[in-house]
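Single-structure report; data block below.
Heavy atoms only: backbone and side chains are in, while hydrogens, waters and symmetry mates are out. When a residue number appears, it is its place in the shown sequence, counting from 1. This one's a predicted model, so the numbers in the text were calculated from it and none came from an experiment.
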Amino acid sequence: MKAAIILFIFITLCLISGQVLCVRVFGCTGGSLMFECMISNQRKTDDQHKGKYFCRDRGCKMAISTDVQRRWVYNGRFALYDDENSRFFTVFIRNLSREDYGEYTCGNNQTWSHIVTLVESKGSRCGKSVIRDGYLGQKTITFRCEYDEKFKTHTKVFYRLNEDPVHVLKSSRSSQSSEEKFSLSDSHNDHFTVTIRDISAADGGVYLCGVERDGSHQSSTHITFIKEIQLNVSGQTSVQVQAYFSKSVFITCKFPQKFKGNKKFIQKDSSQKIFVEEQNQWVHHDKVHMYDDSSEGRLKVFISDLTAADEATYRCGVNIPDHDLFTEIKLTVNQVDHFPALSKAFAIIGESVKLTCSFPEKHDETFTHICKENKEKICESISSSEKKRFEFSAGPAGVFTVSISNVSVRDAGVYWCGAETRDTHLTSVSLTNQHQLTPTMVGREGDSSEIKCRYDENHSTEIKHLCKGKCFTKDAQNIIQSDEAHVNKTKISVKDETELNLFTVTLSDLTAEDAGIYWCAVKEAFNLPIELMIVLKDALFTHEASVGGSVSISCKNVRTQTQRLFCRGDQPNICVRDGVRVSSNTRTNGRFSLTDETSAGVFTVNISNLTEEDSGKYWCAEETSGSFVFTEVHLHVTQETTTSQDEGKSVSSVIVAVSVGLILLAVCLVLMLLKIKYSCKH
């Protein structure tokens, strides 16, 4: 009833308004609208094109006006265009809101005006807005524009929003050709589609789907835009990646999620594409390892042992219909001498270990990175559950340190660290430093030691192994298996706690022969090393020496055919890692020297020109294939002091010397007197 009254008032006003025409136009909330404001049927004069305006209500609030022709003028979301050769000017309103509906006036400042009522068009498919992604070189991209049933006989249009601000690209009234840049197809039911061919960078922008409404005495010809489409066009980017001779590089290429099921590929220069046929597992082609991660839509590429032949331009891409989307990678392999080869690190279980990493200073805008080799020797990122134990700290330029806390058997393995560079579509890691980390246990001769091996719950029913040497190799010595708990083995017992996923072996009455590297294994699923170092019992040597002097320390050879070394440190593993002074390979090192006395079964270390700082704990060590046996040595260096007894002896010596001197002097005087007396007589 209320709507009927408003319509009656509107029609009445129009009938009594004389030269003032009344029209209605319909728009979608969230959509856009374009309509023509017709010039009255009076004779065309120059004044008709002066001062064109469009404003809200009769008071002309929120006005937009122009005195120029053939150029759009703007006021926020409103735009106006006057074509001097037509009997109308055009009004365009973008992103309609409910506050926009109501009465407007359009006209010129001289002779005429119209009342325009903007009415909301109700419909479930009105005012939609979407974002689409396209790619350079893509053959086609198709948009779907839905409309309500009441529009199925209306003319459909496809416009582009630009600086004009809009211009028509296609209409359902025009002829259609599959060869054209734009083609429109109307279902005459509930939607029409628009296809754009041969996508280029210029095709990016905002497009509008609309329906054309015919004019009448109450409704002006206008276009209701029912859908807005933002097309983003991405190109094939080119990224420079720096890597180093004999080292490795890890590259992750990112693709839109909608392509996560599509085949990925890598291509070197103009060679044939190498497709990844399987998802979520590593596959390799010569030196290149690839992993298609379907959960994240990424392709991981790992190349190790880099040489000059690996320097090339690669394409890391995804195959999509009629097109390939790829990132171009320009890989440079540099020759750098200061990166160390594989370094060995040892860590007492439960304690911390530090790994030092270096990279060229030109990488200072990058992120620090560490990864761990899997059984296929591919370096994979540390899992999120373990990352909290890895702490990075900055050092001098081009150097950083990674500290691993609470070391366990599972931390054993080879780690790589280096510099990570992040790009929009690609992340690359130039790996420069390789560390072999072996968790270490220290046992004393005669005592017991427990080797704890954790495993994944899916291996709970499998047989676990403890070997001396890597299990399942010809040189490995099988120590015990989890199914041998009932077997009586001297010095060895085993317990498999499946509810804790823990396999424990206890070695009793330890001897020097028990030293070595042990491996926990379940089939070939994992094979983790742990080192057992043995400290000999009742073999502690303490040496006293004076500042400025020297000391000789004899170390007994427990085993034959071993590497001998002498090191300093509170713990044996720290001593071997950071404190070696001399060894069989380096027999002289400043004030330290090492001499083998094979026949006596010892090797001797001599330290000269001692200082008080030389005091501390040292270790005589023997190493065979990573198996260490230690003898503990304590050295005390003190300043030389004079005792009271020595002082008494010195005083007595002085008294004796003085007495002898006085006697001799007395004898001389007597002789002189006798000589004088004799001379006088003669």
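- Of the charged side-chain nitrogens involved, none lies within less than 4.0 Å of a carboxylate oxygen, so that Asp292 and Arg298 do not count as a salt-bridged pair.
- Note that NZ of Lys387 and CZ of Phe392 are 8.5 Å apart. Values are rounded to the nearest 0.5 Å.
- Under the 3.5 Å distance criterion, the side-chain polar atoms of Asn478 are left unmatched by any main-chain donor or acceptor of Cys467.
- The shortest heavy-atom contact between Val629 and Ala512 is CG2-O, 3.8 Å.
- One N or O on the side chain of Arg591 and one on the backbone of Ser608 form a donor-acceptor pair closer than 3.5 Å.
- Ile451 places a side-chain heavy atom less than 4.5 Å from the side chain of Met441.
- Evaluation of the ring pair (Phe, Tyr, Trp, His ring centres under 6.0 Å) rule for Phe275 yields Phe265 as partners, not counting sequence neighbours.
- For Ser405 against Ser352, the heavy-atom pair with the smallest separation is CA-OG, 3.5 Å.
- Ion pair Glu632/Lys617 flagged as a salt bridge, since at least one NZ, NE, NH1 or NH2 atom sits closer than 4.0 Å to an Asp/Glu carboxylate oxygen.
- Sorted by first then second residue, the ring-ring contact (aromatic ring centres under 6.0 Å, His included) pairs that include residues 401-426, not counting sequence neighbours, number zero.
- For the pair Phe250 and Cys379, the tightest heavy-atom approach, listed with the atom from each and the gap, is CE1-O, 3.0 Å.
- Taking each heavy atom of Lys268 and Ala312 in turn, the nearest pair found is CE-CB, 3.7 Å.
- Using cut-offs of 30° and 60° on the angle between ring planes, the pair Tyr207 and Phe143 is tilted.
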Give the intermediate values and the outcome of side-chain contact (heavy atoms from CB on, under 4.5 Å) for residues Val414 and Lys372.
-> CA-CA 6 Å; Val414 176; Lys372 184 182 179 183; over 6 Å; no
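- Using a cut-off of 4.0 Å between Lys/Arg side-chain N and Asp/Glu carboxylate O, Asp198 and Lys139 are scored as not salt-bridged.
- Defined by atom type and a distance below 3.5 Å, a donor-acceptor pair is present between the side-chain atoms of Glu380 and Asn374.
- Closest of all the heavy-atom pairs between Ala243 and Leu331 is CB-CD1, 3.9 Å.
- Side chains of Thr368 and Glu420: no donor on one and acceptor on the other come within 3.5 Å.
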Gln240 vs Thr332, side chain to side chain donor-acceptor pair (under 3.5 Å): CA-CA, chis, key distance, verdict = CA-CA 8 Å; Gln240 186 76 36; Thr332 302; 2.7 Å; yes
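- Stacking of Arg315 on the aromatic ring of Phe326 is recorded, both the 6.0 Å distance cut-off and the 45° axial limit being met.
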Check the pair Phe302, His284 against ring-ring contact (aromatic ring centres under 6.0 Å, His included), reporting the backbone distance first and the verdict last.
-> CA-CA 9 Å; Phe302 182 75; His284 70 91; over 10 Å; no
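- When the shell of 6.0 Å around CD of Gln257 is examined, it contains more than 12 heavy atoms from other residues, nucleotides or ligands.
- Under a 3.5 Å cut-off, the side chain of Asn589 and the backbone N or O of Val582 do not form any donor-acceptor pair.
- Side-chain contact between Asp133 and Lys258 is present, with at least one heavy-atom pair separated by less than 4.5 Å.
- In this structure, Asn280 contributes its side chain and Ser294 its backbone to a donor-acceptor pair below 3.5 Å.
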Hey, mind stepping through Val241 and Ser430 against side-chain contact (heavy atoms from CB on, under 4.5 Å) and telling me if it holds?
-> CA-CA 8 Å; Val241 174; Ser430 180; over 6 Å; no
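- Taking the ring axis of Phe367 as reference, the NZ or CZ atom of Arg422 stays within 45° of it and closer than 6.0 Å to the ring centre.
- Lys330 places no side-chain N or O within donor-acceptor distance of the main-chain N or O of Glu328, the cut-off being under 3.5 Å.
- Side-chain contact between Leu466 and Cys520 is present, with at least one heavy-atom pair separated by less than 4.5 Å.
- Remark: the backbone N or O of Gly569 is paired with a side-chain donor or acceptor of Trp619 at under 3.5 angstrom.
- Remark: Asp305 does not engage Lys287 in a salt bridge, criterion side-chain N to carboxylate O under 4.0 Å.
- Closest of all the heavy-atom pairs between Val233 and Ser200 is CG1-O, 3.7 Å.
- Checked by atom type and distance alone, the side chain of Ser583 pairs as donor or acceptor with a backbone atom of Asn585 at under 3.5 Å.
- Applying the 6.0 Å contact sphere to NZ of Lys388 captures no more than 12 heavy atoms from other residues, nucleotides or ligands.
- In Glu597, the CD atom is crowded: over 12 heavy atoms of neighbouring residues, nucleotides or ligands sit closer than 6.0 Å.
- The backbone N or O of Leu169 lies less than 3.5 Å from no partner atom in the side chain of Arg160, so there is not a single donor-acceptor pair.
- The backbone N or O of Ser271 sits less than 3.5 Å from a side-chain atom of Gln267, completing a donor-acceptor pair.
- Proximity of Lys254 to Leu426: side-chain heavy atoms (C-beta onward) are nowhere separated by under 4.5 Å.
- Within a 6.0 Å radius of CG in Asp570, other residues, nucleotides and ligands contribute 12 heavy atoms or fewer.
- Between Tyr618 and Phe592, the two ring planes are tilted [angle within 30° to 60°].
- With a 6.0 Å radius and a threshold of 12 heavy atoms from other residues, nucleotides or ligands, Lys181 has its NZ atom above the threshold.
- Within the 6.0 Å centre-distance limit, the rings of Phe259 and Tyr135 are counted as a close aromatic pair.
- The pair Glu296-Lys260 does not meet the salt-bridge criterion, since no charged nitrogen lies less than 4.0 angstrom from a carboxylate oxygen.
- Phe628 has its side chain within reach of Val576: a pair of non-hydrogen atoms, C-beta onward, lies under 4.5 Å apart.
- A salt bridge is defined here as a Lys NZ or Arg NE, NH1 or NH2 lying under 4.0 Å from an Asp or Glu carboxylate O, and Arg389 with Asp411 meets this definition.
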CA sep, side-chain torsions, deciding dist, call: Arg197, Glu180, salt bridge (charged side-chain N to carboxylate O under 4.0 Å, His left out) | CA-CA 8 Å; Arg197 304 182 186 283; Glu180 290 182 282; over 6 Å; no
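- When only modelled atom types and interatomic distance are considered, Ser627 and Arg559 share a side-chain donor-acceptor pair under 3.5 Å.
- Counting heavy atoms from C-beta outward, Asn501 and Arg454 have side chains that stay 4.5 Å or more apart.
- Defined by atom type and a distance below 3.5 Å, a donor-acceptor pair is present between the side-chain atoms of Asp293 and Ser295.
- With a 4.5 Å cut-off on side-chain heavy atoms, Ile404 and Leu437 count as touching.
- Because its NZ or CZ atom is both nearer than 6.0 Å to the ring centre of Tyr455 and within 45° of the ring axis, Lys464 counts as a cation-pi partner of that residue.
- Residue Glu376 places its CD atom among more than 12 non-hydrogen atoms of other residues, nucleotides or ligands, all under 6.0 Å distant.
- By the 4.5 Å heavy-atom criterion applied to side chains, Val535 and Val442 are counted as neighbours.
- Cys pair Cys371/Cys417: SG-SG separation is not below 2.5 Å.
- Of the N and O atoms on the side chains of Thr142 and Thr195, at least one donor lies less than 3.5 Å from an acceptor on the other residue.
- Taking the six-membered ring where the residue is Trp, Trp282 and His289 present perpendicular rings, their angle passing 60° and hence far from 30°.
- Using a 4.0 Å cut-off between a side-chain N of Lys or Arg and a carboxylate O of Asp or Glu, Asp456 and Arg410 qualify as a salt bridge.
- Counting heavy atoms of neighbouring residues, nucleotides and ligands inside a 6.0 Å radius, atom CG of Leu342 exceeds 12 of them.
- One distance of note links OG1 of Thr313 with CD1 of Ile329; it measures 10.0 Å at 0.5 Å rounding.
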